[in-house]
Protein chains: 2
Amino acid sequence: MSAEGAVFRPVQPVRAYQRVAEQIEERILSGDLPPGSRLPGERDLVSQFAVGRSTVREALRVLQSAGLVRSRPGDPLGAEVLGVTPDNLSRALGRLARSHISSLGELVQFRMVLDSESNRLAARLHDEEDLRRMTEIIERMESLSAGTADLHAFSETDALFHRAVAEASGNSLLGLCARAVHDAVVDVIEEKIAVAADATVWMERSVAHHRQVLAAIRAGDGALAARLGRQALYDYYAERVEEDTRRLLTAALGDDDGR
Amino acid sequence: MSAEGAVFRPVQPVRAYQRVAEQIEERILSGDLPPGSRLPGERDLVSQFAVGRSTVREALRVLQSAGLVRSRPGDPLGAEVLGVTPDNLSRALGRLARSHISSLGELVQFRMVLDSESNRLAARLHDEEDLRRMTEIIERMESLSAGTADLHAFSETDALFHRAVAEASGNSLLGLCARAVHDAVVDVIEEKIAVAADATVWMERSVAHHRQVLAAIRAGDGALAARLGRQALYDYYAERVEEDTRRLLTAALGDDDGR
DNA sequence: GGAAATCAACTGGTCTGACCAGTCACCTGG
DNA sequence: CCAGGTGACTGGTCAGACCAGTTGATTTCC
């Protein structure tokens, strides 16, 4: 054996479609191909990469299943570049949950951590513009809850609020992950049905909760904002989680001693 | 317009390869095809699904890029079922981090949140086995730091410790995400170079830090364990972050008033 | 002239059939 | 009993074809 340790690293074959996919992904992630722009048509790519069409198509399938690209039959403009969305993250989370590698309790606990820290940071770092936007979103939620019980539009607006909080916290990553976990949770339990029964009262309570959070953020009280976020999730999910993982939620809730 | 609202939902065409992939994924997630088992060969699948080989192959590409399956040229047993692994989650998160992130500060802030909450929960929920494992890992780190300065092995062991903490917290998701973000950070700054200069002293300090964290966890002092985790990241990265995003770290650090 | 129908040149989705390099079970000769 | 050869596989890749659908220019009709 020469010198010390291994000098050469094992090398595994790299498939042609992989190299094609990597090249395109690199261009997308680097911002070179911004969202909304178009890839050349498949037959163009064939000649540009000097590979067969099936190779190009397999590469596009990989990118599409990663949510980076979308293609539509007959589109003369070629595949559309999508930005990086949290959709793929939530799919991965959903699969983990479905295969019992992680439980619903873990997902909810994770959301409690993300949401509450997001709230806490927002309370510390927000500016006036953030507050204005959040206020406006809450008002829209209120008008929605008063009108026809359009649950879909309501939860869309709810997601908007959370994103606004994440933006105020200065960390969009927090918001994106929280969104992904939220989607995965919704995927695991069909909460919409459970809620639809008394949609109106639920929406009103939700609006009230968001007002409290906003007030805490405006006051700069990070600890309170964080606790509110945790508590709301706990109240909502504690009963829906398997008994043996409920302790996860309780632990994430914290005992409020000094927090 | 009939009755109220839309009665029919828009329907988008479902490609053949999608239906193939869905059928196989369903069998895998339901446990019907356990990890280690084999899919039929591509030509078998062609006849079973009654589609062309390119369709089957595109479906397999999707499953493979989701980490559910792996295929090897020449393998007479067919593609291997891998079961659900967190690899895909890491890749998805890595992409999010790479594209949606304007600053290194956000990444580090996110890690501060994940690590510290992971520590806090571990302090609340650990059992004896967790403590034993963590102790062992720290001892291994110590012997590594004393021997030849093998930075690679050391940071591997470091990652092991963090995973052990995440397991103790009952939430592997926290650990997985922290790891993915860590990799993204390493991708942004080549910290290894920065560290290599005084590797030995750095490793010793790292071991001391981990001992402190373990002690806090063993004592059940979640607040302390969390603060230690945040502080270590802050100390290490504060100088390497662009000035205008350092406030993110400071905010995530907390002012320790009650936290 | 302007709106509507028509049409031709595309697109992506799918299928077929072929070839290659690699792998593995099996057989053969020692 | 084992080393080495061999042939029937495998997945990876390519080329070419067809289809249904989209698009935009062209033609037709009022």
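Since the model is a prediction, treat every value here as computed from it, not as a measurement. Numbered from 1 within each chain, the chains take letters A, B, ... in sequence-line order.
Taking 3.5 Å as the limit, the base of C:dG13 and the side chain of A:R72 contain no donor-acceptor pair of atoms between them.
A donor and an acceptor atom, one from each side chain of B:Y237 and B:R111, are located under 3.5 Å apart. For the residue pair A:R61 and A:Q64, a side-chain donor N or O sits within less than 3.5 Å of a side-chain acceptor on the partner.
The footprint of chain B on DNA chain D, defined by a heavy-atom cutoff below 4.0 Å, extends from D:dT10 to D:dT13.
Formation of a donor-acceptor pair under 3.5 Å by the B:E106 side chain with backbone atoms of A:S172 is found in this model. Under the 3.5 Å distance criterion, the side-chain polar atoms of A:R140 are left unmatched by any main-chain donor or acceptor of A:E136. Looking only at distances, a side-chain donor or acceptor of A:S99 sits under 3.5 Å from a matching main-chain atom of A:R95.
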Annotated structure of DNA chain C as dot-bracket, pair cut-off 3.5 Å, Watson-Crick or G-U only, | for inter-strand, is ||||||||||||||||||||||||||||||
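Nucleic acid contact for B:G74: base, since at least one base atom lies under 4.0 Å from a heavy atom of the residue. Using a 4.0 Å heavy-atom criterion, one finds that B:T55 contacts the sugar-phosphate atoms exclusively.
Looking at B:D75 and B:R38, a side-chain N of the basic residue comes within less than 4.0 Å of a carboxylate O on the acidic one, giving a salt bridge. At a threshold of 4.0 Å, the pair A:R133-A:E167 counts as salt-bridged, since one of the basic side-chain nitrogens sits closer than that to a carboxylate oxygen.
Taking atom CZ of B:R57 as the reference point, atom P of C:dT16 lies 16 Å away to the nearest angstrom.
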